[in-house]
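What follows is a set of notes on a single structure, which appears directly below.
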Amino acid sequence: MSAYAEHIKTVCERFDKALADTGFESTLVYSGQPRVDFLDDNAPPYRVNPLFKYWVPVTESPKSAIFYRKGSQRPTVYLFQARDFWHAPVNVPEEEWQQYVDLKIIDDLSIMTDDIGSELSNTAFIGEDFAEPVHSWNVKARNPQNLIDHLHFHRAIKTEWELENLREANKLAAKAHVAAKEAFYAEKSELEIHHAYLAAINFRESQVPYNSIVALNSHSAILHYDVYDTEPPKQFRSFLIDAGARYRGYCADITRSYAYEEGFYADLVEAMDNAQKELLSEIKPGVNYYDLHVSMHLKVAKILSDFGFINGDAQSIYDKGYTSAFMPHGLGHFIGLQVHDVGGFLKSDDGSSYERSERHPFLRLLRDIEEGQVFTIEPGLYVVDQLLEEHKDSDDINWDKVDELRPYGGVRIEDSIVVGKDGNNENLTRDAFKALGAE
């Protein structure tokens, strides 16, 4: 049986269990449609419902839907193809997935609702319903949270077909990262580096899974920086790039930091890279991700001590809360159909969940690590003046050393990891760079 055949079998089984446990006979997963801007008739780029592309690798077919009856083991895919002269028709080439579904091409949504008939009233609808006629469909429930929680909990364990797509996404992103790195050392502007990234993989800006962070020098300390200066800086010091790619709807998310020349910042990047590798060695089933996050903070604390930013040992630096000022975000997150994939707070498929940590409120993942999960590991260290204000009177912090780092902004290293048995994990990101001879 092929990887996709196994995948759709698993998806059917997961939907069967979710529908049975939540009291629904069927579900209608709507792909979504563009939503126009306020007081305008132009729409931002369309993004497909992730639970639609969970079934089939179709990401550019708005107004389509998947209807699945509990226990049927075969979904019906309604692909919408408008009959008009304004838009190019959706190109859906013949592929393996079409062997495992009942495929129906429609040009009017009423064809689908007529086809489903009275079953629609016993159906759980999943998707956006801001537009007519979708908003008025007579369904049993719209986006029932118990059904969505059930599905999201199990999505954390990836099928082999999903892993194949994630590997390809990382290969694309790694290729683009190499091009961006070369543009940095060629002293290009942030915008030119961004263009080099896209050109390397023939992507439009709307095709990457999130706004790429292309940050030179002090901009590296802005966690979601996406402004892109159009002129190169007078002096090149550092480069942080956080950028991804998509393949068949699955996402890559990679961050690398580079020093323009040898010295203090290059040593810091190497230290963070080594700390990240140590964290990777701690990943195994049964470990709680929160504990891994705390381990990361202790490693960041050691770097802060070793480089003279803060006086004290790693444990005292963490206990006093200093690391949260230099490393405010979470260690990572699930990744898959979405960059920040879902289910990170769910304890079980009944929807019970973990409370966000008061100490580390931006951590997106609190579950125990299980074989088959895929998540990112992305430790960082930055000079964020807003966060340092709380410690402005501290004698523990060596402010001259902080000022030395400020022009470089910060450093972050991010890989995506597939959890294997007994710590035998797969590093999607580093494997992709190695295949290019780039790491």
Would you say Lys70 has more than 12 foreign heavy atoms packed within less than 6.0 Å of its NZ? yes
Please tell me whether Phe345 and Tyr354 form a close aromatic pair, meaning their ring centres lie under 6.0 Å apart. no
Could you report the tightest heavy-atom contact between Val178 and Leu436, atom names first, then the distance? CG2-CD1, 4.3 Å
So Ser26 and Phe67, side-chain contact (heavy atoms from CB on, under 4.5 Å) or not? Walk me through it. CA-CA 7 Å; Ser26 54; Phe67 181 71; 3.6 Å; yes
I'd like to know if the side chain of Asp115 pairs up with that of Tyr78 as donor and acceptor (distance under 3.5 Å, no hydrogens or angles considered). yes
Sidechain N-carboxylate O distance under 4.0 Å for Glu414, Arg256: no
Determine, for Glu168 against Arg248, whether the closest basic-nitrogen to carboxylate-oxygen distance falls under 4.0 angstrom. no
Please report the closest heavy-atom contact between Gly351 and Asp149, naming both atoms and the distance. CA-OD2, 3.6 Å
So, are Arg430 and Asp273 salt-bridged, with charged N and O less than 4.0 Å apart? yes
Testing the basics here: between Ala221 and Gly409, what is the closest heavy-atom pair and its distance to 0.1 Å? CB-O, 3.5 Å
Between His297 and Phe326, does the ring centroid distance fall short of 6.0 Å? no
Lys171 versus Lys175: any side-chain heavy-atom pair under 4.5 Å? no
Give, for atom CG of Asn49 and atom NZ of Lys53, the distance between the pair rounded to the nearest 0.5 Å. 9.5 Å
Taking the side chain as every heavy atom from C-beta outward, state whether Val56 and Val101 have any pair of such atoms under 4.5 Å apart. yes
Can you find a heavy atom in the side chain of His360 that is under 4.5 Å from one in the side chain of Ser324? yes
Under 4.0 Å between a side-chain nitrogen and a carboxylate oxygen: does that hold for Lys158 and Asp341? yes
Side chains of Gln373 and Tyr289: do they bring a donor and an acceptor to under 3.5 Å? no
Derivation of the side chain to side chain donor-acceptor pair (under 3.5 Å) call for Asn42 and Asp37: CA-CA 6 Å; Asn42 284 309; Asp37 293 327; over 6 Å; no
Gln73-Asp16 side chain donor-acceptor pair, cut-off 3.5 Å: yes
Pro144 and Phe125, any side-chain heavy atoms less than 4.5 Å apart: no
Spacing of Leu280 atom CG and Ile377 atom CD1 [to the nearest 0.5 Å]: 6.5 Å
Minimum heavy-atom distance between Gly423 and Pro285, given as atom pair plus value: N-CD, 4.2 Å
Please check if the number of heavy atoms outside Asp422 that lie under 6.0 Å from its CG is greater than 12. no
Does a side-chain heavy-atom distance below 4.5 Å link Asp229 with Leu216? no
Can a donor-acceptor pair be found between the side chains of Asp415 and Asn427 at a distance below 3.5 Å? yes
Phe334 ring center within less than 6.0 Å of His340 ring center: no
Under 4.0 Å between a Lys/Arg side-chain N and an Asp/Glu carboxylate O for Arg167 and Glu426? yes
Does anything in residues 40-60 form a ring-ring contact (aromatic ring centres under 6.0 Å, His included)? List the pairs, not counting sequence neighbours. His7-Tyr54, Phe15-Trp55, Trp55-Tyr68
Within 45° of the six-membered ring axis of Tyr382 and under 6.0 Å from that ring's centre, is NZ or CZ of Arg406 located there? no
Between His150 and Asp350, does a side-chain contact (heavy atoms from CB on, under 4.5 Å) hold up when you go through it step by step? CA-CA 6 Å; His150 201 297; Asp350 66 4; over 6 Å; no
For the residue pair Tyr250 and Leu337, establish whether any side-chain heavy-atom pair is separated by less than 4.5 Å. yes
Glu96 and Ser2: side chain donor to acceptor below 3.5 Å: yes
Where do Lys284 and Lys421 land on the side-chain contact (heavy atoms from CB on, under 4.5 Å) test, with the steps shown first? CA-CA 7 Å; Lys284 60 182 179 180; Lys421 290 182 179 179; over 6 Å; no
Where do Arg69 and Glu119 land on the salt bridge (Lys or Arg N to Asp or Glu O under 4.0 Å) test, with the steps shown first? CA-CA 9 Å; Arg69 297 176 184 86; Glu119 289 184 273; 2.8 Å; yes
Considering the options Leu240, Ile241, Asp226, which one meets the side chain to side chain contact (heavy atoms under 4.5 Å, CB included) requirement together with Ile213? Leu240
Atom CG of Asn170 and atom OH of Tyr247: how far apart are they, to the nearest 0.5 Å? 13.0 Å
Value for NZ (Lys181) from CZ (Phe433), rounded to nearest 0.5 Å, stands at 8.5 Å
Quick test of your reading of the model: are Glu6 and Lys9 salt-bridged, counting only N-O distances below 4.0 Å? no
Roughly how far, to the nearest 0.5 Å, is the CD atom of Glu378 from the CD1 atom of Ile254? 11.5 Å
Has Arg237 got its NZ or CZ under 6.0 Å from the middle of the six-membered ring of Tyr260, at an angle within 45 degrees of the ring axis? no
Beyond-backbone contact of Leu381 with Met327, side-chain heavy atoms, under 4.5 angstrom: no
Take His333 and Phe375 through the test ring pair (Phe, Tyr, Trp, His ring centres under 6.0 Å) and record every step on the way to the result. CA-CA 5 Å; His333 48 80; Phe375 48 68; 9.6 Å; no
Would you say the side-chain atoms of Tyr265 pair up with the backbone N or O of Pro407, donor to acceptor, closer than 3.5 Å? no
Identify the two heavy atoms, one from Glu162 and one from Ile157, that lie closest to each other, and give their separation to 0.1 Å. OE1-O, 4.1 Å
Euclidean distance, Thr323 OG1 relative to Arg359 CZ, rounded to 0.5 Å: 5.5 Å
Between Asp242 and Tyr210, is there a side-chain donor-acceptor contact under 3.5 Å, judged purely by atom types and distance? yes
At their closest point, which heavy atom of Gln338 faces which heavy atom of Cys251, and how far apart are they? C-SG, 4.0 Å
Tell me, yes or no, whether the heavy-atom count around Glu262 atom CD, taken from other residues, nucleotides or ligands under 6.0 Å, exceeds 12. no
Assess the side chains of Ser31 and Ser61: does a donor N or O sit below 3.5 Å from an acceptor N or O? no
Near-ring test Phe362/His329, centroid separation under 6.0 angstrom: no
Ser281 versus Lys277, side-chain donor and acceptor atoms under 3.5 Å: no
Below 4.5 Å, heavy atoms only, C-beta onward: do Tyr258 and Val269 meet side chain to side chain? no
With a 4.0 Å cut-off, would you call Lys299 and Glu282 a salt bridge? yes
Would you check, one step at a time, whether the test side-chain contact (heavy atoms from CB on, under 4.5 Å) holds for Thr123 with Lys140? CA-CA 5 Å; Thr123 294; Lys140 185 174 182 180; 5.8 Å; no
Would you check if the distance from the ring center of Trp161 to the ring center of Tyr4 is below 6.0 Å? yes
Asp253 side chain to Thr376 side chain, donor-acceptor N/O pair below 3.5 angstrom: no
